[in-house]
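Here's the structure we're looking at; comments come further down.
Lettering of chains follows the sequences in order, A, B, ..., and the numbering in each one begins at 1. Side chains are part of it too, since the values below use all heavy atoms of this structure and drop only hydrogens, waters and symmetry mates.
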Protein chains: 2
Amino acid sequence: MQSSAVSEVERRTQAERTALSDARMLDAAVALICERGSSGTTLKDVGERAGYSRGLASYRFGNKGGLFAFLIRAIGESWLTALRGATRDKVGLAAIEAATDAHYRFVVEGSDAIRAFYILWFESTGPDAELKRVVANIHERRRRDVVAWIEKGIAAGSIDPAVDTLGTAEQFCAAIIGIVYQWLVTPDAAEHLHFLHESLKRQTARALQPPRLTEN
Amino acid sequence: MQSSAVSEVERRTQAERTALSDARMLDAAVALICERGSSGTTLKDVGERAGYSRGLASYRFGNKGGLFAFLIRAIGESWLTALRGATRDKVGLAAIEAATDAHYRFVVEGSDAIRAFYILWFESTGPDAELKRVVANIHERRRRDVVAWIEKGIAAGSIDPAVDTLGTAEQFCAAIIGIVYQWLVTPDAAEHLHFLHESLKRQTARALQPPRLTEN
DNA sequence: ATCATACTTGTTTGCAACAAGCAAGTGACT
DNA sequence: AGTCACTTGCTTGTTGCAAACAAGTATGAT
């Protein structure tokens with residue numbers, strides 16, 4: 001509004017230009033991945049759908065792997081922020097339950113971006129190097145968060161110290177992945193997704209508060 | 001050995017020829033997928049690595065999706081057979097535990113084929129149509145098996161009839177998927193994989209034999 | 001000998017990847 | 001403030017490669 005308010009050509013700084021094209025290409029890529037899958041998404045289409053030339057996505061991200069890594073990073077970051085908000089000040093089972101709820105909401109609400117995110121996530125199982133590293137990194141961070149919650153719960157006295165911390169955390173993360181998988185292949189079953197999250201909370205609660213040992 | 005035993009060119013029936021080339025291309029594809037991922041695997045390389053021309057894989061399977069569907073079907077079938085053997089005559093928790101053990105062994109032993117199988121499995125999360133249907137089908141069959149085991153366990157009196165049959169089955173299948181994911185991204189941790197399977201058995205046992213209700 | 005089926009080779013099309021050019025923003029010097 | 005050299009965002013031209021299909025050759029069947 002400041003410099004040439006009348007001119008139709010809005011003047012932007014270089015940083016703003018890239019930020020804008022990045023954002024537009026992110027949207028375009030998300031839409032394309034949801035529509036055609038990641039292998040059906042071409043760099044050409046990403047650039048053009050974002051309103052630029054066929055070459056821009058290629059130029060900016062180098063190759064398909066670069067684009068995908070960018071997407072995972074960007075969406076993953078926004079997810080991480082949301083998660084931190086949801087679990088702030090919580091420890092132990094309460095934190096895990098809050099995180100599970102947040103995950104459910106995130107999946108249901110953010111739909112398209114999250115779907116693309118997880119499609120890429122699962123794609124990273126092949127030996128595709130870069131993407132694999134990024135995803136493994138996020139996954140590891142998740143696991144560490146869960147471990148920390150359990151340990152703080154133990155310290156606070158709300159969780160049995162005898163609990164297998166690492167094992168439970170891994171089980172929990174594995175279950176989340178499994179749930180997401182179900183959602184991806186059966187996207188319509190929204191209520192079903194809710195059920196699986198609830199069920200996971202119950203199972204984790206049981207794992208963290210083991211029944212009093214019978215003495216044989 | 002029958003017709004021209006001396007001749008170096010062994011005579012085969014047409015059926016044998018295709019069976020042989022199918023098998024060789026399956027091996028080649030498995031190896032390539034493990035080495036380079038599915039997107040890095042070309043039909044040309046599959047044909048040539050199997051000892052044929054660049055065009056054979058394309059001719060036989062039509063397109064990449066066709067090849068992948070073939071792989072999933074072939075490997076999935078062999079897995080299903082192994083599973084049926086392992087759970088024969090078992091019901092309830094015993095069947096589920098046997099199936100879990102069988103899954104663990106299958107993954108550890110069959111390594112390369114199973115890895116390729118699951119890499120493709122996870123890839124099928126995108127909207128790639130054909131592969132997706134095949135995988136969803138196998139997944140559904142698995143789930144139904146688990147439901148049947150639980151129901152038979154209830155009928156046999158070894159499982160509490162109040163148990164949420166479908167929910168537990170889905171939880172179980174989701175956990176298997178999650179475990180496999182872990183293995184794919186961290187293939188070296190073999191003992192870890194064993195732990196996750198054991199842990200899943202324990203959790204499922206708990207879910208199926210809920211602690212006697214406290215009466216509040 | 002003929003026919004059918006397995007397999008190969010030729011050709012087209014489309015994308016990825018890179019290179020070279022054009023355009024828009026930035027900062028310094030007057 | 002104006003304009004000039006430089007940097008950075010973006011586009012267009014080109015090459016190589018794989019998918020997909022068509023047309024041909026060889027091998028087994030009858």
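Every side-chain contact (heavy atoms from CB on, under 4.5 Å) that D112(A) has, sequence neighbours left out, goes to V30(A), C34(A). Looking at residues two or more places apart in sequence or on another chain, you find a side-chain hydrogen bond (donor to acceptor under 3.5 Å, both in side chains) between K201(B) and D101(B), E198(B). Legend: residues meeting side-chain contact (heavy atoms from CB on, under 4.5 Å) with A19(B), ordered by chain and number and at least two apart, are absent.
Sorted by residue number, the list of members of residues 26-36 of chain A with any non-hydrogen atom under 4.0 Å from DNA chain C is empty.
Ring pair W79(A)/F106(A) is tilted by interplanar angle, where 30° to 60° counts as tilted. Note: W183(A) and Y118(A) have perpendicular aromatic rings, judged against thresholds of 30 and 60 degrees for the angle between ring planes.
A cation-pi arrangement is absent between R142(A) and W149(A), since the terminal nitrogen or guanidinium carbon is not both under 6.0 Å from the aromatic centre and inside a 45° cone about the axis.
Using a 4.0 Å cut-off between charged nitrogen and carboxylate oxygen, E140(A) and R144(A) count as a salt-bridge pair.
Within the 4.0 Å cut-off from OP1 or OP2 of dG28(D), at least one side-chain nitrogen or oxygen of R11(B) is found.
With rounding to whole Å, R17(B) atom CZ is found 8 Å from dT5(C) atom C1'. As a whole-Å value, the separation of Q14(B) CD from dT5(C) C1' is 5 Å. Distance E16(B) CD to dA29(D) C1': 13 Å, rounded to the nearest Å. Here dT9(C) presents its P atom at 14 Å from OH of Y52(B), a figure rounded to the nearest Å. Between L56(A) atom CG and dC22(C) atom P the separation is 19 Å, expressed in whole Å.
Here salt bridge (charged side-chain N to carboxylate O under 4.0 Å, His left out) pairs that include residues 23-38 of chain B, with residues two or more places apart or in two chains, are E35(B)-R49(B), R36(B)-D45(B).
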Given protein heavy atoms under 4.0 Å, the one-letter contact record of nucleotides 13-23 of chain D, with B base, S sugar-phosphate only and - none, is simply BB---SSB---

